[in-house]
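Before any comments, here is the structure.
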Amino acid sequence: MAYKITDECISCGACESECKNEAISEGEEVYIIDPDKCTECIGWVESSKCAEICPVDACIPDPGHEETREQLLEKWRKLHPGETPIAA
Ligand code: SF4
Ligand code: SF4
């Protein structure tokens, strides 16, 4: 399930550099997550780094993007061709 950023975001920017998939960018009002790049951090680590670092808990799972672990790994592989996912 891709994560999303809620209106609680204070645009501190802390999450952007935490995302190794480069899924996070500055939006017009709050930061945004590209669901096509968010793997819940699966492929790198087992917990969502953006959610961990966000000071206002604005990074949350997006129920509109339900995905299995296998689908998330497949997304990761497309983002990082030729690389091997960690903790797969
Ligand atoms: S959950 Fe992980 S992959 Fe998804 S946006 Fe946050 S840091 Fe990036
Ligand atoms: S860490 Fe949280 S408050 Fe800061 S930009 Fe990211 S979502 Fe917004």
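Atoms within a ligand are numbered from 1 in the order they appear, just like the ligands themselves. Only this structure's heavy atoms are used, side chains among them; waters, hydrogens and symmetry mates stay out.
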So which heavy atom in the protein is nearest atom 7 (S) of ligand 1, and how far is it from that ligand atom?
-> Cys41 SG, 3.4 Å
Protein heavy-atom partner closest to atom 6 (Fe) of ligand 2 - residue, atom, separation in Å =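 Sorting protein heavy atoms by distance from atom 6 (Fe) of ligand 2 puts Cys15 SG, 2.3 Å first.
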Pair Glu46 + Arg69: basic N to acidic O under 4.0 Å = yes
Got a salt bridge between Glu83 and Arg77, using NZ or NE/NH1/NH2 to carboxylate O under 4.0 Å?
-> no
Does Ile5 approach ligand 2 within less than 4.0 angstrom via side chain, backbone, both or neither, non-hydrogen atoms only?
->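 The part of Ile5 near ligand 2 is the side chain, not the backbone.
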Just heavy atoms, cut-off under 4.0 Å: does Cys50 contact ligand 2 by side chain, backbone, both, or neither?
->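 No part of Cys50 comes within reach of ligand 2.
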Just which atoms of ligand 2 are under 4.0 Å from any heavy atom in [X]?
{"X": "Cys54", "result": "1 (S), 2 (Fe), 3 (S), 7 (S)"}
{"X": "Val56", "result": "3 (S)"}
{"X": "Ile10", "result": "3 (S), 8 (Fe)"}

Any side-chain heavy-atom pair from Leu73 and Ile42 closer than 4.5 angstrom?
->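 Yes; the side chains approach each other to less than 4.5 Å.
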Give a yes or no answer on whether the side chain of Glu40 reaches the backbone of Leu72 with a donor-acceptor pair at less than 3.5 Å.
-> no
Keeping the roles fixed (side chain from Lys75, backbone from Cys38), state whether a donor-acceptor pair exists under 3.5 Å.
->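 Looks like yes, one N/O pair under 3.5 Å.
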Decide whether Glu52 and Ser47 meet the rule of one side-chain donor and one side-chain acceptor closer than 3.5 Å.
->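 A donor-acceptor contact under 3.5 Å links the two side chains.
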How about Ser25 and Asp34: does a side-chain donor come under 3.5 Å of a side-chain acceptor?
-> no
Mark up the atoms of ligand 1 that fall under 4.0 Å of a heavy atom belonging to [X], in ascending order.
{"X": "Ile24", "result": "5 (S)"}
{"X": "Thr39", "result": "3 (S)"}
{"X": "Asn21", "result": "3 (S)"}
{"X": "Ser48", "result": "1 (S)"}
{"X": "Ile33", "result": "5 (S)"}

To the nearest 0.5 Å, what is the distance between [atom1] on [X] and [atom2] on [Y]?
{"X": "Cys54", "Y": "Ile60", "atom1": "SG", "atom2": "CD1", "value": "10.5 Å"}
{"X": "Tyr31", "Y": "Cys50", "atom1": "OH", "atom2": "SG", "value": "13.5 Å"}
{"X": "Ile32", "Y": "Lys4", "atom1": "CD1", "atom2": "NZ", "value": "14.0 Å"}

N, O or S of Cys19 under 2.8 Å from atom 2 (Fe) of ligand 1 =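 Checking Cys19: none of its N, O or S atoms is under 2.8 Å.
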Can an N, O or S atom be found in Cys59 less than 2.8 Å away from atom 8 (Fe) of ligand 2?
-> no
Heavy-atom proximity to atom 4 (Fe) of ligand 2, picking from Cys12, Gly13, Ser11, Cys9, points to Cys12
